[in-house]
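This report concerns only the one structure given below.
Letters go in sequence order (proteins before strands), and every chain restarts at 1. Just so you know, these numbers come straight off a predicted model, no measurement behind them.
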2 protein chains.
Amino acid sequence: MANLKQLAHSLGLSITTVSRALDGYSDVSAATRERVREAAEAAGYRPNASARRLRKQRAELVAVTLPSDPGHVGPPHFLDMLSGCAEHLAAAGLNLVIAPVPRGVSELEICQRFVDGRRVDAMLLVRTKRQDERVEYLQSRGIPFVTNGRTESLIPHPFIDGDGFAGFRAATLRFHAAGHRRIGHIAGPQEYYFAHVRRRGWQAAMEECGLATDLCAEGAPLEQGGYLAALELLRQPSRPTALVCATDEMAIGALRALREVDGGSQISIVGHDDLSMGAFTSPPLSTMRMTGENLGATFASLLLRAIAGEPAEDLQELHAIEFVDRDSHRRPPVAA
Amino acid sequence: MANLKQLAHSLGLSITTVSRALDGYSDVSAATRERVREAAEAAGYRPNASARRLRKQRAELVAVTLPSDPGHVGPPHFLDMLSGCAEHLAAAGLNLVIAPVPRGVSELEICQRFVDGRRVDAMLLVRTKRQDERVEYLQSRGIPFVTNGRTESLIPHPFIDGDGFAGFRAATLRFHAAGHRRIGHIAGPQEYYFAHVRRRGWQAAMEECGLATDLCAEGAPLEQGGYLAALELLRQPSRPTALVCATDEMAIGALRALREVDGGSQISIVGHDDLSMGAFTSPPLSTMRMTGENLGATFASLLLRAIAGEPAEDLQELHAIEFVDRDSHRRPPVAA
DNA sequence: CCCATCCTCCAAAACGTTTTGGGAGTCAAT
DNA sequence: ATTGACTCCCAAAACGTTTTGGAGGATGGG
């Protein structure tokens with residue numbers, strides 16, 4: 001209800017003084033400042049966001065692109081990340097707005113809509129692809145952004161990512177050290193960077209060990225995709241004795257395939273993401289997770305620093321992957 | 001880059017005419033309109049959102065409160081709902097913004113921050129409580145809103161909800177008809193309306209059948225909560241032979257408890273939410289789901305109608321619950 | 001007593017859009 | 001020639017804030 005004009009009038013002060021008092025400028029006396037603050041509090045005054053945004057030429061918003069294709073946005077705990085990110089952005093006066101990407105519309109177009117209408121100060125990109133047109137566009141427009149996951153862009157840009165290559169290589173080598181020789185990989189869609197790099201980690205380990213890399217099947221990054229991919233690998237003349245899965249959801253789908261084929265007790269399996277659900281599957285799912293606390297806060301921090309103009313090179317975080325030891329990776333190395 | 005003034009200048013027209021041409025008013029000639037449109041297209045012109053919002057006195061934003069407490073926001077597919085809702089709001093020129101609720105801050109305060117700063121035109125409330133202070137506040141301020149889940153508010157307000165009472169009553173009666181007599185309930189936190197009403201559905205069925213309602217344990221609406229609650233019920237001198245769980249996540253936690261205690265083959269179980277994961281658990285999880293297509297679109301539609309001023313009574317959707325028949329509810333009615 | 005300095009405060013401009021309330025010109029009917 | 005209706009266009013106001021560039025008065029040093 002209350003705007004600055006009314007508040008100023010009721011106090012017998014000018015709009016300027018009230019505004020500056022509330023913003024804590026030193027050119028208004030302590031007494032006046034206090035008086036203004038009390039009146040503002042009493043009136044429940046909050047500055048009109050649109051007006052401030054217009055005047056300050058800042059949208060006070062950060063957009064995150066969300067594909068409406070169910071399941072293609074990220075693991076379930078992605079929502080916690082978003083919420084954490086929004087919380088830390090809010091502490092800096094920024095709000096997180098969802099930029100939905102309807103089926104049939106390119107993510108690029110959505111980016112343009114938000115950027116060209118000056119609706120956002122920065123963007124958060126998730127599920128990056130190896131060649132990501134959003135990255136190129138934002139770079140060309142000079143809009144600050146941070147990606148969740150790297151890209152193959154030649155120009156460096158801010159990102160947070162897990163070292164999927166190292167993580168999947170290590171997991172594969174761990175199986176090899178346990179005596180496994182036929183180690184399969186259940187891969188996600190290869191246009192996504194995360195899926196590609198995880199596959200390459202597995203591949204590198206296999207080649208280092210002098211093993212063939214034919215035991216690889218690709219699927220959608222969901223339970224069903226993992227299930228179908230696992231069935232495909234289990235149909236091979238010589239079955240894998242261990243499976244390295246691109247995501248926990250795929251691994252959980254694969255677990256069902258294993259149960260259907262051999263009762264689930266013969267083949268080792270490991271996923272990635274550390275879903276809480278993984279502790280409750282049968283068997284409990286060994287997995288990997290990106291190290292680092294409070295991912296959302298880190299994204300928020302990088303976004304703020306990007307907006308502040310820090311160079312991209314200083315805003316790249318590659319986190320180590322740690323192994324989460326449950327039970328599903330402990331099957332004997334030789335299948336029945 | 002381009003604003004209306006520049007565009008108008010380059011066309012030799014007034015700002016007014018350009019603005020009205022782009023908005024399709026009839027008092028600008030078809031020829032001019034076309035000329036303006038082409039120039040706007042070529043210049044990549046998009047109206048400045050903040051300026052329009054200020055002038056039109058509409059924020060063009062809808063906020064959804066998201067607790068940052070992980071897991072307390074809703075089931076995993078909640079994100080799909082949000083995305084769908086955002087998509088349909090966007091088609092009407094509204095964007096969905098996240099109103100994060102940090103630990104230690106009341107949801108009410110967050111609502112006030114958004115409403116009083118005129119940052120939003122409407123709000124979407126999720127995880128409603130039986131007594132929900134947000135509802136009272138928004139009603140008192142006359143801000144349009146829709147809740148995901150009912151409340152016990154005396155004044156009617158727009159909502160979308162599943163008929164949890166009927167659903168859980170029916171599920172319990174189904175177990176009874178199958179011969180079960182010791183039917184337990186794993187309940188969610190009772191301050192949430194959804195958890196309370198589901199429990200009451202189970203309770204009503206038990207009483208109708210003349211059965212005791214002592215086999216009830218409460219936990220957090222997550223796997224761990226369901227796991228602990230199930231262990232509690234399994235410690236009873238006379239175990240339940242069937243479990244009706246408030247959510248699929250709790251049911252999946254309970255499944256693990258069952259496996260630990262009796263191998264998982266003796267006790268029937270049913271959840272609610274129809275998580276995709278449920279098709280891949282061992283055994284596959286029978287569950288319930290709210291009927292209705294595209295929940296997000298429905299929320300968007302209700303929000304738009306609430307903003308348009310339709311009365312709350314016309315904006316209440318109570319959806320039937322349907323049973324999803326997998327396998328976990330088919331255990332014999334008598335425990336070992 | 002004068003000048004400089006500081007402390008408070010304020011009028012006005014600006015942000016970019018939409019909307020109000022006409023104004024000029026054309027055309028047809030009077 | 002005048003009137004009225006109609007078409008096409010525009011100047012100016014308004015939305016509510018922040019910021020610029022002082023103004024006016026008090027204070028203190030010379």
Side-chain angles (χ1 to χ4, degrees), chain A residues 1-37 39-40 43-61 93-95 113-121, chain B residues 1-37 39-40 43-61 93-95 113-121:
Chain A
M1 298 296 120
N3 59 19
L4 222 39
K5 194 193 286 189
Q6 291 164 24
L7 197 57
H9 184 74
S10 78
L11 282 163
L13 289 169
S14 74
I15 292 180
T16 308
T17 302
V18 176
S19 172
R20 303 193 65 106
L22 292 175
D23 272 6
Y25 279 76
S26 64
D27 67 353
V28 29
S29 73
T32 307
R33 185 158 52 224
E34 208 39 50
R35 194 162 66 95
V36 170
R37 285 215 169 124
Y45 170 78
R46 312 227 183 212
N48 180 299
S50 300
R52 180 159 30 116
R53 288 165 177 171
L54 172 60
R55 172 62 227 224
K56 300 199 92 163
Q57 294 288 82
R58 297 200 278 100
E60 296 178 353
L61 290 173
L94 295 176
N95 285 119
R113 206 171 293 173
F114 275 81
V115 166
D116 292 339
R118 232 145 279 113
R119 306 170 100 81
V120 294
D121 299 321
Chain B
M1 298 299 120
N3 60 17
L4 221 40
K5 194 194 287 189
Q6 291 165 25
L7 197 56
H9 184 76
S10 78
L11 282 163
L13 289 169
S14 74
I15 291 180
T16 307
T17 303
V18 175
S19 172
R20 310 208 91 201
L22 293 175
D23 271 6
Y25 280 76
S26 64
D27 66 352
V28 31
S29 73
T32 308
R33 186 159 51 225
E34 208 39 51
R35 195 161 66 95
V36 170
R37 285 213 169 126
Y45 169 78
R46 312 226 185 213
N48 180 299
S50 300
R52 178 156 34 112
R53 288 164 179 174
L54 172 60
R55 171 64 227 225
K56 301 198 92 163
Q57 294 288 82
R58 297 200 281 99
E60 295 178 353
L61 290 173
L94 294 175
N95 285 118
R113 205 171 293 173
F114 274 80
V115 166
D116 292 339
R118 232 144 281 117
R119 306 169 100 81
V120 294
D121 299 321

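Considering only residues two or more places apart in sequence or on other chains, B/Thr32 meets the side chain to side chain donor-acceptor pair (under 3.5 Å) condition with B/Ser29. With sequence neighbours left out, the side-chain contact (heavy atoms from CB on, under 4.5 Å) criterion links A/Leu11 to A/Leu7, A/Leu13, A/Val18, A/Arg35, A/Val36, A/Ala39. Checked against side chain to side chain donor-acceptor pair (under 3.5 Å), A/Arg37 has no partners two or more places apart in sequence or in another chain. For B/Ser14, the side chain to side chain donor-acceptor pair (under 3.5 Å) criterion is met by B/Thr17, not counting sequence neighbours.
Between the CG atom of A/Leu11 and the P atom of C/dC9 there is a distance of 11 Å, given to the nearest Å. Between the CZ atom of A/Arg35 and the C1' atom of C/dC9 there is a distance of 12 Å, rounded to whole Å.
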* Reading nucleotides 15-25 of chain C from the 5' end, what letters show protein touch, with B for base, S for backbone sugar-phosphate only, - for no heavy atom under 4.0 Å? -> BBBBBB-----
List the atom pairs, donor and acceptor, that lie under 3.5 Å between side-chain atoms in residues 43-52 of chain A and the rest of the protein, sequence neighbours left out.
| from | atom 1 | to | atom 2 | distance (Å) |
| --- | --- | --- | --- | --- |
| A/Asn48 | OD1 | A/Ser50 | N | 2.9 |
| A/Asn48 | OD1 | A/Ala51 | N | 3.0 |
| A/Arg52 | NH1 | A/Glu60 | OE2 | 2.9 |

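Under the salt bridge (charged side-chain N to carboxylate O under 4.0 Å, His left out) criterion, the residue pairs touching residues 19-28 of chain B are B/Arg20-B/Asp27, with sequence neighbours excluded.
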* Watson-Crick or G-U pairs under 3.5 Å in DNA chain C, rendered as dot-bracket with [ ] for crossing pairs and | for another strand -> ||||||||||||||||||||||||||||||
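The side chain of A/Thr17 contributes no N or O atom lying less than 4.0 Å from OP1 or OP2 of C/dC9.
From A/Leu61, atom CG reaches atom CG of B/Asn95 across 8.5 Å, with rounding to the nearest 0.5 Å. For the atom pair A/Arg53 CZ and B/Arg119 CZ, the distance stands at 5.0 Å (nearest 0.5 Å).
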